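Computed from a predicted structure; not experimentally measured. Values below: all heavy atoms of this structure, side chains included; hydrogens, waters and symmetry mates excluded.
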Amino acid sequence: MTARRLAMPLLIPLLVGCTGDQQIERPTPLFNDVPIEYPLSMWDQDIEGQTLLRVRVTELGRVDEVEVMQSSGHAALDTAAVRGARGLRFQPARRNGRRIEVWAQVPVEFSKRARPGDGGG
């Protein structure tokens with residue numbers, strides 16, 4: 001029996017639409033719990049893909065809005081990515097020491113291949 005793995009988001013926040021002279025510290029993802037699950041039906045069919053999301057990270061580090069920027073080509077994977085991204089948590093972005101709300105890009109990869117350091121099968 002094969003166990004279903006969690007999809008591992010490659011959390012690389014990239015600020016979108018931030019301009020001006022002020023220095024902004026980007027939000028930092030908290031990796032304690034990855035709430036994005038690989039849909040069982042897609043896992044069983046060996047379907048893989050990557051969904052690129054745009055998330056709004058609040059000044060409290062929570063995600064309050066999620067948009068699909070680039071689809072994986074599979075609605076079930078995109079839906080799982082959006083649903084799970086709502087549960088992601090970040091160390092908030094800061095400008096001049098104050099917490100701010102920002103948009104970040106989050107690529108979510110659904111892959112059955114083990115990654116280095118994830119403990120394997």
Side-chain angles (χ1 to χ4, degrees):
M1 176 179 229
T2 303
R4 172 173 61 154
R5 292 179 191 230
L6 294 176
M8 298 303 293
L10 305 173
L11 297 173
I12 308 170
L14 302 173
L15 299 181
V16 178
C18 292
T19 59
D21 297 331
Q22 299 173 332
Q23 198 68 336
I24 295 176
E25 297 174 37
R26 295 178 182 202
T28 306
L30 303 175
F31 290 101
N32 295 342
D33 193 21
V34 180
I36 302 174
E37 292 191 27
Y38 208 129
L40 186 57
S41 63
M42 304 303 270
W43 175 270
D44 289 344
Q45 295 176 56
D46 293 328
I47 295 175
E48 299 179 329
Q50 182 170 317
T51 302
L52 180 60
L53 301 175
R54 181 175 181 243
V55 301
R56 186 168 61 190
V57 180
T58 70
E59 60 276 348
L60 298 176
R62 298 191 180 277
V63 173
D64 72 351
E65 192 169 334
V66 181
E67 300 172 356
V68 174
M69 291 184 68
Q70 183 176 350
S71 172
S72 66
H74 301 281
L77 295 181
D78 296 344
T79 298
V82 169
R83 185 180 306 119
R86 293 185 190 283
L88 293 174
R89 299 292 177 259
F90 292 81
Q91 192 69 256
R94 293 178 182 272
R95 179 187 299 132
N96 297 327
R98 300 184 108 172
R99 296 178 183 184
I100 60 169
E101 182 177 277
V102 295
W103 285 92
Q105 291 181 5
V106 178
V108 181
E109 182 177 356
F110 293 92
S111 176
K112 293 181 78 171
R113 292 177 289 256
R115 290 206 178 140
D118 78 354

TODO: Apply the test side-chain contact (heavy atoms from CB on, under 4.5 Å) to residues L88 and V55: give CA-CA distance (whole Å), side-chain angles for both, the deciding distance (0.1 Å), then the verdict.
DONE: CA-CA 10 Å; L88 293 174; V55 301; 5.5 Å; no
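- With rounding to the nearest 0.5 Å, the separation of CZ in R89 from OG1 in T28 is 15.5 Å.
- Taking both residues in full, the closest heavy atoms of Q50 and P107 are given as NE2-CB, 3.4 Å, listed atom of the first, atom of the second, then distance.
- We find the CD-CD distance between E67 and Q105 to be 11.0 Å, quoted to the nearest 0.5 Å.
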Open item on the list: Is there a side-chain contact (heavy atoms from CB on, under 4.5 Å) between L52 and V68? Walk through the geometry before answering.
Closed with: CA-CA 6 Å; L52 180 60; V68 174; over 6 Å; no
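- In plain terms, the two heavy atoms of F90 and P27 that are nearest each other are CD2-CB, 4.0 Å.
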TODO: Would you check, one step at a time, whether the test side-chain contact (heavy atoms from CB on, under 4.5 Å) holds for Y38 with E48?
DONE: CA-CA 9 Å; Y38 208 129; E48 299 179 329; 3.4 Å; yes
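- With D78 contributing its side chain and T51 its backbone, the two residues share no donor-acceptor pair below 3.5 Å.
- By the 4.5 Å heavy-atom criterion applied to side chains, L77 and P39 are counted as neighbours.
- Within 6.0 Å of CZ on R56 lie more than 12 heavy atoms contributed by other residues, nucleotides or ligands.
- For the pair R95/Q23, no side-chain contact is recorded, criterion being any heavy-atom separation below 4.5 Å from C-beta on.
- Atom CD1 of I24 is separated from atom CZ of R94 by 13.0 Å, given to the nearest 0.5 angstrom.
- Here the closest heavy-atom approach between residue I36 and residue A85 is recorded as CG1-N, 3.9 Å.
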- [ ] Please test F110 against I47 for side-chain contact (heavy atoms from CB on, under 4.5 Å), starting from the C-alpha separation and ending with a verdict.
- [x] CA-CA 8 Å; F110 293 92; I47 295 175; over 6 Å; no
